[in-house]
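Contents: one structure, followed by commentary.
Just so it is clear, the model here is predicted, and its values are computed rather than measured. Only this structure's heavy atoms are used, side chains among them; waters, hydrogens and symmetry mates stay out. Just so you know, ligand 1 is whichever comes first in the structure, and atom 1 is the first atom listed for that ligand.
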Amino acid sequence: MFLTISAFGVPERPATDLGYLLHKHPERVQRFSTAHGTAHVFYPQATSEQCTAALLLEVDPVALVRRGKGKGRGGAPDTSLAQYVNDRPYAGSSLLAVALSSVFSSALNGQCKARPELPAQSLFLRIEIPALPARGGGEALVRRLFGPLGWSRVEATAIAWDAEFPAWGDSHYVALVLEGELTLADALRQLYVLLPVLDDAKHYWVAPDEVDKLLRAGEGWLPGHPEHRLITSRYLARRRSLTQQAMDRLELARLAEADGVAAAEIDNAVDESVDSEESPLPLAVQRREAILAALRNAGAQRVLDLGCGQGQLVQEMLKDASFREVVGVDVSMRALSLAARRLRLDRLGEQQAQRVQLVQGSLAYRDRRLSGYDAAVLSEVIEHLDLPRLPALEYSVFGAARPRTVLVTTPNVEYNVRWEGLPAGQVRHGDHRFEWNRAEFGRWAQGVASTYGYTVRFSAVGPEDPDVGPPTQMAEFTRADSSPTSHPNQRKETAA
Ligand code: SAH
């Protein structure tokens, strides 16, 4: 297995800086013993214009088989010849990625003791791997994976099975050339993840800490990569639970990034700023009162506040002993830490502390921690999700967590014309991805109810205008298989 990394010099930056970055002297040939064989590093060329480092990995197929024993997927040991005679020694693959990370670990981590300023600088790089397995997608897959990562040239050329027998067609191997201006650390971290992804080898051993490794190496480029699902799944050898774990954490990273950018916006997404003058109570207060009344009415004792923001509703619920347990969930760490401060979580007595919990999580993913509650509240949350992500939230709340009652509030866009100071056509909050009129909300809620086996009724929050309706609309979903009298706390008037 063979890979070359070339750097091209510019007047103020000689190409031989590559030697510092790789921590390998250009004039020496060095050998390293790695988990799967011996790695050799040498420089076919080292001038100030072009410096090329080569990594040659000699895989020991016998060691490979021995190391694999007992570590793989279980089952009977593979005694076939294929475990000794295979492409591992020749094709760039997951083993090359492992060698890269052990031989060039400082470079991969962006560290350079001798020249600390170097790792952050981008270089003109060319990376060549003459034989790289690209299973299930070939050249096109290579382009899909490397295309979005800042390279100016991504060239994958299919390699024929045998040049003398063109009729045999192309193999699933490609010759890869990447060129572009990137930092070496970014380039290496991409290779570290994407080589095994392309390889998709069945006997790539996946340890539990592989999720951590993936996320570390993927920092800065994986969360936003259009193929992040495919990359994650293949990197983790298609193990479902690990993939799901990684996807959840990627989603958090993505949202945390967005959160950082729009932190103020998201944290303060409560619409108190646009409360109307005419209403006797701020709309946010009226909303909380309507929610609390609906929860009490439904006899809910253990309640989830999904997208709890800074925890105002959680705080109100804690004042009422009929709510035995309250869990606030939000994707924003910042919002949660503000909520913890508001609730004085660190100073609560033991009894109170047992009633409340704040957890970070994304509603776009199924979360087992959310099962088994009486009710869930989504107060002014759905409009913060991109419409294409909404079905994922619907599934995780109505399909997976399935509380008996779900309360959803969202702005009624028709009312916006009544807001003073809200320019026509504008949404109430910078982070709102959409705002619905009553008919749109009604259609959505009916659809969700029928898909997941709930009934739904609607109510108004805030002063109701004869033409445009109320400022906030609320839907109350009740799981169709739940008996209305099955809860002791249930108030008499709704049991009728
Ligand atoms: N429920 C509060 C806050 C609404 S603001 C209230 O009524 O005042 C919307 C909140 O949803 C924000 O705190 C935001 O961080 C959170 N949020 C947005 N997308 C989310 C997601 N996918 N998972 C969990 N929380 C999310």
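Using a 30° and 60° split on the angle between ring planes, F477 and W444 fall in the perpendicular class, above 60°.
Of all the atoms in ligand 1, the ones that sit under 4.0 Å from a non-hydrogen atom of L385 are 19 (N). Interface atoms of ligand 1 facing S332, defined by a heavy-atom separation under 4.0 Å, are 15 (O). Numbered from 1 in the order shown, with element, the atoms of ligand 1 that lie under 4.0 Å from a heavy atom of L363 read 21 (C), 22 (N), 23 (N), 24 (C). Residue-ligand proximity, S362 to ligand 1, at heavy-atom distances under 4.0 Å covers atoms 22 (N), 23 (N).
Looking only at distances, a side-chain donor or acceptor of S396 sits under 3.5 Å from a matching main-chain atom of L393.
Within a 6.0 Å sphere centred on CZ of F124, other residues, nucleotides and ligands contribute 12 heavy atoms or fewer.
Residue contacts with ligand 1 include G361, since one of its heavy atoms falls under 4.0 Å from the ligand.
The pair E440-R443 does not meet the salt-bridge criterion, since no charged nitrogen lies less than 4.0 angstrom from a carboxylate oxygen. By the 4.0 Å N-to-carboxylate-O rule, R144 lies close enough to E227 to be salt-bridged with it.
Scanning C308, S396, S379 for the heavy atom closest to atom 6 (C) of ligand 1 points to S379. Nearest residue to atom 18 (C) of ligand 1 from H432, H384, Q312 is H384 (criterion: closest heavy atom). Proximity annotation for atom 13 (O) of ligand 1: of T472, D330, D305, D367, D330 comes nearest, heavy atoms only.
Distances between N or O atoms of G307 and those of ligand 1 include at least one value under 3.5 Å. Checking only distances, A335 never comes within under 3.5 Å of ligand 1, N or O to N or O.
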Under the salt bridge (Lys or Arg N to Asp or Glu O under 4.0 Å) rule, what do D200 and R238 come out as? Steps first, then yes or no, please.
CA-CA 9 Å; D200 205 20; R238 302 179 200 266; 2.4 Å; yes
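Residue T472 is tested with R287, Q286, E380 for a side-chain hydrogen bond (donor to acceptor under 3.5 Å, both in side chains); the sole match is R287.
Note that the CZ atom of R389 and the NE2 atom of H384 stand 16.0 Å from one another [nearest 0.5 Å].
Contacts with ligand 1 closer than 4.0 Å are made by no heavy atom of L313, backbone or side chain.
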